[in-house]
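Bear in mind the structure is a predicted one, so any value in this text is a computation, not a measurement. Below, read A as the first sequence line, B as the second, and so on, with proteins coming before strands; counting in each chain starts at 1.
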Amino acid sequence: MDEDIPSSSQTLPPETPPKSRHHTLDLSNIPPTLILPAHLKPEEQREIEKKLTRHRVPLTTDVSQARVFIGKVGTKRRAEFELRSRKLKVEEVVQAKRDFSTNALGEPPTKRTKIGGTVADSIAHDGETTDDEPASSSETEDEFSGAKALTRPKSPFEVEETAPVPVLFEHAPHDEMVWVVRTDWLNECSDIDRVIPLGKHLVFKGRVVERQTVTKPRKDIKSIFSSSISKITPASQTNLATRPIGRDILDRAQSELSNEASKPKRKPYHTGGHGSRRFEGKTFASSSQQAGNVASQTARLLQQMTSDYEGEDSDIPPPPPWVKKRIKYSCQRFTPASGPNDEFIELLKKIRTARTLIDDQIGVRAYSTIIAAIAAYPYKLTHPREILRIPGCEDKAATLWVEWKNTGKLQAVSDFENDPAMQVLRLFYNIWGVGAKTARQFYYTHHWTELDDLIEHAWPTLDRVQQIGLKYYDDFLSPIPRTEVEHIASIVHQHATRLRDPRATCTLVGGHRRGKSASGDADILISHPDHSATAHLITALVASLEDAGYITHTLTLSLAGTQRSQSVLPFRSTKASGGGFDSLDKALVVWQDPDWPTRSADLAANPATRNPRLHRRVDIIVAPWRSVGCAVLGWSGGTTFQRDLRRYAKVQ
DNA sequence: CTACCAAAGCTG
DNA sequence: CAGCTT
DNA sequence: GTAG
């Protein structure tokens, strides 16, 4: 799915004067229409969207509103499947003859009531609707029910103006109907610029028996998965994990993920403006200025507060030296593990996540800078001016802080957390191996909203690590207590000494080194004074821990260090300074302690007892002796720290 | 107003 | 090889 | 969103 769609005016034939666009075939009165992406190449899907938009078809992506489904659908069975997979229960309605006939031009077009009014209105306000993802659910929530309430004996969704108009989507007053139509129909209509009967292009017509309205509770995921996802590291295995789900789903899902892969190149840093147009006006998106909202109020307040204190800064603490010197690289300053402004920072991080999910990379960067800067500020903030003089922070940061200080929350964060679409995106984004892009794809092009949907429909299309990430979704999300991390580290250490000798060292890095009491994964750094002892140690370690039953899966294995250090030392002074961090061997693995307190008793009672211990994400890093210090730093600092260190090194 | 941007593994 | 993820 |  592309985030931005060209204006419909672009698609007009060159010879057509702008005004006459109203003379092109107007299908604005057909029911809300949804494109079925299955079997459509990205270009094709775009093409269809364009056409539909040009003919002013009320597009929707919301299954609960869609009545017409258009796509490359070969058979009735397929059509039913598409509907069923969208949680739509339907019963087929056999075609009456008149559906194929044309209307007898009874009343003059002008007298015709637009069905429901609201349906047409929903797009009428905007002749230039360019939304790729038309109307979000909240915008059109009630419109169609309004149309339903209108009880004209027979209320076909008539097409106005054009002479004998085929009755396209006829339905009895009280039934909710859906139609599945082949794209050919649209193409033919579009070609001759006239409405033609659906005829053979109507693949399926049905009455809605039940629509899913509330999201059902999630089943126990683990019980659904088949037992085997390959444990082997990806490099050594060519095919995917076994597929537990039936092949009827398989063939569909198979065809669906090929969507975005081969689409036209996007601009390097971000698409279009900041983020997708889909989120224009949302407070958690960029440049959302609604008059009278909290943000602008606090903006004024900020003005006031800062100017009030003009000239005297007696009650704000003296800036730390790095603030004075306007040092902009986080690596040049001391950043404590937990600072006095963490609460505020957590909120900023949420905004940053929101920006990630809406594909606003610039926003992500900007907030990362702000977060890093404030995290390094050693005092509890008391005045907006303090923020203003921190390098990397400006009006926006100060405004947010004032809002937070005054209200105890941030509107942008609340909106983000309450936004239903965002909730779905976050759900998917939390799967290890699924990034923002894929999360959006799951939701916006396939309309999956729960993990169950992925299990049922997407499973075969997920890559190996995503399958693992999904399988252990809950486990990976639960924080690892410090004691457990230490225990894991001690075992890794033990294996390291066994494989080499007792001089092997083990250091906790990452979140735990930074003093957190629990964190998402365990980062363990292994080293050894003998340089030759560290080479290939990672492979041996992983194998050993696998044998011992601790490592259940290897997500990735990176041998960058071993490879590099075998050759020349990366000591090209100035320019090569970028290397260093990543040139260490590392293994990202799934860890499960094979033992638990009542194990023998449990197994005696029931030999099939499952290991109750949670699966943990563990990163094992092997560093050659001379770079342990650097490695500790590298893995303990935040992302911005690392990035800044690279930039800093480049400049010096 | 424009530039900002880590490096490397995995998948298709 | 491009795109995505960590 | 911020810096230049």
For the pair made of NZ in A/K586 and P in C/dT6, what is the distance, rounded to whole Å? 12 Å
Rounded to the nearest angstrom, tell me the gap between atom CG in A/L555 and atom P in B/dT11. 11 Å
What is the distance, rounded to the nearest whole Å, between atom CD1 of A/I390 and atom C1' of D/dG1? 15 Å
On a whole-Å scale, what distance lies between the P atoms belonging to C/dT6 and B/dC4? 26 Å
Please report the distance, rounded to the nearest Å, between CD1 in A/I538 and C1' in B/dA8. 15 Å
Rounded to whole Å, how long is the line connecting atom CG of A/L462 with atom P of B/dC10? 18 Å
Applying side chain to side chain donor-acceptor pair (under 3.5 Å), can you list everything that pairs with A/D619, at least two apart in sequence or on another chain? A/R617
A/A366, nearest nucleotide to its side chain (from B/dT11, C/dC4, D/dG1): D/dG1
Are any side-chain N or O atoms of A/T554 and backbone N or O atoms of A/T556, one a donor and one an acceptor, separated by less than 3.5 Å? no
Report the relative orientation of the aromatic rings in A/Y377 and A/Y379; use parallel for angles under 30°, tilted for 30 to 60°, perpendicular for over 60°. perpendicular
Indicate whether OP1 or OP2 belonging to D/dG1 is found under 4.0 Å from a side-chain N or O atom of A/R352. no
Which one, C/dT5, B/dG12, D/dG1, comes nearest to the side chain of A/D463? B/dG12
Identify which nucleotide among D/dG1, B/dT11, D/dT2 has an atom closest to any side-chain atom of A/I362, counting heavy atoms from C-beta outward. D/dG1
Do you know which two heavy atoms are closest between A/E417 and A/K350, and how far apart they sit? OE2-NZ, 3.1 Å
A/E394 CD to D/dG1 P, straight-line distance once rounded to whole Å: 12 Å
Which nucleotide in the set D/dG1, C/dT6, D/dT2 lies at the smallest distance from any side-chain heavy atom of A/L588? C/dT6
A/Q361 CD to D/dT2 P, straight-line distance once rounded to whole Å: 18 Å
Among the nucleotides D/dG1, C/dT5, C/dT6, which one has an atom lying closest to any side-chain atom of A/T438? C/dT5
In whole angstrom, give the distance that lies between atom CG of A/L357 and atom P of C/dT5. 11 Å
Sequence-distant partners of A/A436, side chain to side chain contact (heavy atoms under 4.5 Å, CB included), two or more places apart: A/T356, A/L357, A/Y429, A/R440
Taking only the side-chain nitrogens and oxygens of A/T556, find out if one of them lies under 4.0 Å from OP1 or OP2 of C/dT6. no
